[in-house]
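One structure is given here, and the rest of the page talks about it.
In what follows, every chain begins at residue 1, and chains take the letters A, B, ... in the order their sequences are listed.
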Amino acid sequence: MDIVTILTVAVRHAGPVLLVAMGGLLASRVNIFNLALEGFMLIGAFSSIVGAFYTGNVWLGVLFGVLASTLMIIIYAVFIIELEVQPVVCAISIITLASGLTRYLLNPVFGVSGRYVLSSELAMPVVHMNWLEAIPVAGQILNNHSLLVYFALVLPFVLAFVINKTKYGLDIRAVGMNEEAAVSAGIHVRKVKYSALMINGILCGLGGAELALSVYMFNVGMTNGRGYTALAAITLAGCNPLLSLITCLLFGFAESLVVSLSGVGFSSYLLGMLPYALALVAAVAPQVARRCIHFIKRKKSETEMISEYYRN
Amino acid sequence: MKRKLKKTLAMMLAFVLLASAVSGCGSKSGGESEKHRIAFVSYQAFDSSEWLQNLTKGLKQYEEENENVEIKCIEALAVDQYETKVRACCEEGFDIIITTYSDMADATIAAAADYPDIKFGILQGEMENIADYSNIADFHLNRTETAFIQGCAAALMTKTGKVGFVGGSDSGGINEILAGYQQGIAYIDNGTEDVVTYCNSFTDPTIGKEYALQLIAGGCDVIFGAAGGSGTGCAQAAEEQGVMYAACDVHYTDAAPNAEIGSAMNYFENMVIAFIDDTIHDNYQGGTSREYGIAQGAAGYEFADNDLAPQDIQDQVMAVSEKIAAGEIEIASEPLHK
């Protein structure tokens with residue numbers, strides 16, 4: 001497989017993860033460590049298939065997925081904000097509930113177990129842009145993705161703007177840094193937390209819908225750890241939207257690389273390790289680089305000082 | 001307000017607990033000495049896959065047909081539940097307890113040691129030192145036979161001379177299927193090449209689809225998926241790209257109505273029922289491992305309900321199936337290459 005295909009697949013893979021990661025990032029920014037991203041994504045994936053099945057329209061399916069996942073996150077929010085339940089404990093129950101509920105509901109809704117495949121007319125359409133063809137490599141990589149993938153690619157920039165340049169972003173940062181100080185500054189903390197979580201829910205729903213509708217089927221547990229990957233990506237990036245974009249794309253690239261390297265004799269154990277090894281490198285590399293730069297700078301200033309001293 | 005809400009929630013929780021306790025009591029039945037009480041403990045949820053659904057359906061039917069049998073199906077979905085639930089079954093007074101997969105082997109061994117009078121069976125236990133345990137019988141499905149037939153079908157159907165394999169994981173069970181598949185291809189001996197990949201997941205159709213697309217781009221025109229839910233993605237890729245799909249365990253005609261050649265079907269229910277039947281008719285063989293295959297009705301090859309495979313190929317393939325059932329073909333369980 002050539003590099004263009006690898007990168008195209010990487011972008012396709014990163015899309016849903018990116019959407020979910022951006023949601024989790026907002027929650028993290030208001031000091032809620034949302035471990036349940038996986039659960040909300042799964043709910044979104046399942047509901048989008050149900051919605052598409054009943055309405056016969058992909059976009060209504062997406063809407064349905066978003067609504068269900070938002071509804072779920074409101075329940076989560078009520079528990080952790082009003083009832084002061086430990087977010088991680090609540091998250092675990094949400095994940096359990098999501099995996100059990102989606103598995104169970106397959107039977108009453110579709111009358112099947114394990115999986116349900118929609119007709120191929122209900123697949124998420126891909127957007128083909130003629131003008132992109134003119135650009136040699138990047139054009140090919142960025143062409144023929146679904147609308148939600150493009151939205152995912154633009155989203156980090158929007159979020160970076162919102163968080164850093166708007167009043168709402170300031171509120172979010174204030175709540176995240178010091179809640180009490182935010183209260184005394186007259187910020188409606190509860191409202192900010194609810195709104196951030198609701199956006200998180202919407203994005204998880206979109207991520208799930210993209211995942212499920214791009215293959216127009218639901219399979220039990222089909223998110224397969226993507227919620228955790230998203231969480232890892234934003235944690236690696238220190239909750240910075242633009243850095244998260246890079247880490248998500250890195251994860252997508254690693255997955256895609258594994259696919260392209262399979263079938264030519266590499267051990268599948270080694271290949272399975274690759275994304276995590278890459279993540280580890282990505283986590284450690286900036287620190288190492290920073291240390292190196294620091295070291296070099298210190299050496300330089302020391303020699304400068306010494307030479308200065310002798311000159312005098 | 002907050003307090004009231006907490007109180008209500010606490011009361012609701014208490015009510016749910018009470019209700020579950022009451023319903024638990026209800027299922028206890030009076031002890032008739034003639035009746036065989038059998039517990040089937042699954043490590044996967046019954047509604048999570050088709051084979052388990054078929055299995056529970058089969059067991060229920062068997063229970064209805066035989067008055068002296070009572071079967072209870074129980075889920076133990078986490079490692080910490082395995083031993084607790086198996087022991088609970090022992091305490092409940094079940095005579096025969098069937099556990100599932102090597103995952104539950106340790107729990108079964110631990111419980112069996114304390115209850116020597118109960119007959120234990122483990123489905124796909126893959127236990128190495130089974131002879132050490134006189135009240136555990138391991139019974140497992142022979143997947144190599146149907147995979148062998150699938151290999152024959154793939155080799156006969158391919159036009160490019162290159163076929164692919166997508167496994168759910170690089171592990172014993174999947175590699176047995178791979179072994180059968182590769183030997184089936186070699187048996188036809190028409191120069192067909194095979195490419196092996198593992199997608200490292202049984203529940204991810206998205207990644208399964210990417211693996212299949214990669215194989216198809218590499219010139220494979222038959223994809224054999226032994227990857228559960230990930231296989232659905234492979235089937236979809238085959239359908240969209242106009243190549244063929246070889247299925248495993250169940251039919252994948254929902255995802256590949258025109259692309260599926262056929263499926264290496266497994267009938268777990270027949271195997272479990274055969275085991276129960278043997279056991280209640282005093283033919284229990286503790287400390288041994290038994291294999292069920294085509295000859296015992298626990299596996300079989302079925303062509304998909306479409307016109308993909310021409311009649312002469314179907315005949316050829318079914319002839320191989322008969323040969324295997326008659327024990328004329330020896331199949332090794334080690335893959336030729338990975």
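Minimum interatomic distance between Ser260(A) and Gln214(B) (heavy atoms only, all atoms of both residues): O-NE2, 3.2 Å. Considering every non-hydrogen atom in both Val220(A) and Thr203(B), the closest pair reads O-CB, 3.3 Å. When every heavy atom of Ser214(A) is checked against every heavy atom of Lys209(B), the shortest pair comes out as O-NZ, 4.0 Å. Between Gly229(B) and Asn219(A), the closest heavy-atom pair is CA-OD1, 3.3 Å. The two atoms that bring Ser268(A) and Asn200(B) nearest to each other are O-ND2, 3.7 Å, heavy atoms only.
Per-residue heavy-atom pair counts under 4.5 Å with chain A were compared for Val195(B), Val166(B), Asp254(B), and the maximum is reached by Asp254(B).
Heavy atoms closer than 4.5 Å to chain B are found in the side chain of Tyr269(A), but not in its backbone. Neither the backbone nor the side chain of Val112(A) comes within less than 4.5 Å of any heavy atom of chain B. Residue Met217(A) touches chain B through its side chain alone, counting heavy-atom pairs closer than 4.5 Å. Glu239(B) does not touch chain A: none of its heavy atoms, backbone or side chain, sits under 4.5 Å away. For Leu77(B), the part lying under 4.5 angstrom from a heavy atom of chain A is the side chain only.
No more than 12 heavy atoms of other residues, nucleotides or ligands shown are found within 6.0 angstrom of CG on Asp305(B). Counting heavy-atom neighbours within 6.0 Å of Asp307(B) CG, excluding the residue itself, gives a total of 12 or less. For CD of Gln86(A), the number of neighbouring non-hydrogen atoms (other residues, nucleotides, ligands) closer than 6.0 Å is greater than 12. Surrounding OH of Tyr104(A) are at most 12 heavy atoms belonging to other residues, nucleotides or ligands under 6.0 Å away.
Proximity of Glu210(B) to His13(A): side-chain heavy atoms (C-beta onward) are separated by under 4.5 Å at one or more points. Arg115(A) places a side-chain heavy atom less than 4.5 Å from the side chain of Tyr252(B). In this structure the side chain of Thr206(B) never reaches within 4.5 angstrom of the side chain of Arg12(A), judged on heavy atoms. Inter-residue side-chain proximity for Asp204(B) and Arg226(A) is flagged as met; some heavy-atom pair is nearer than 4.5 Å.
At distances below 3.5 Å, at least one donor-acceptor pair connects side-chain atoms of Gln236(B) with backbone N or O atoms of Val215(A). Within the 3.5 Å criterion, the main-chain N or O of Ser262(A) finds no donor-acceptor partner in the side chain of Tyr211(B).
In this structure, a donor-acceptor pair under 3.5 Å is present between the side chains of Ser201(B) and Asn224(A).
To the nearest 0.5 Å, atoms CD (Glu240(B)) and OH (Tyr216(A)) are separated by 3.5 Å. Between the OG atom of Ser113(A) and the CG atom of Leu52(B) there is a distance of 8.5 Å, given to the nearest 0.5 Å.
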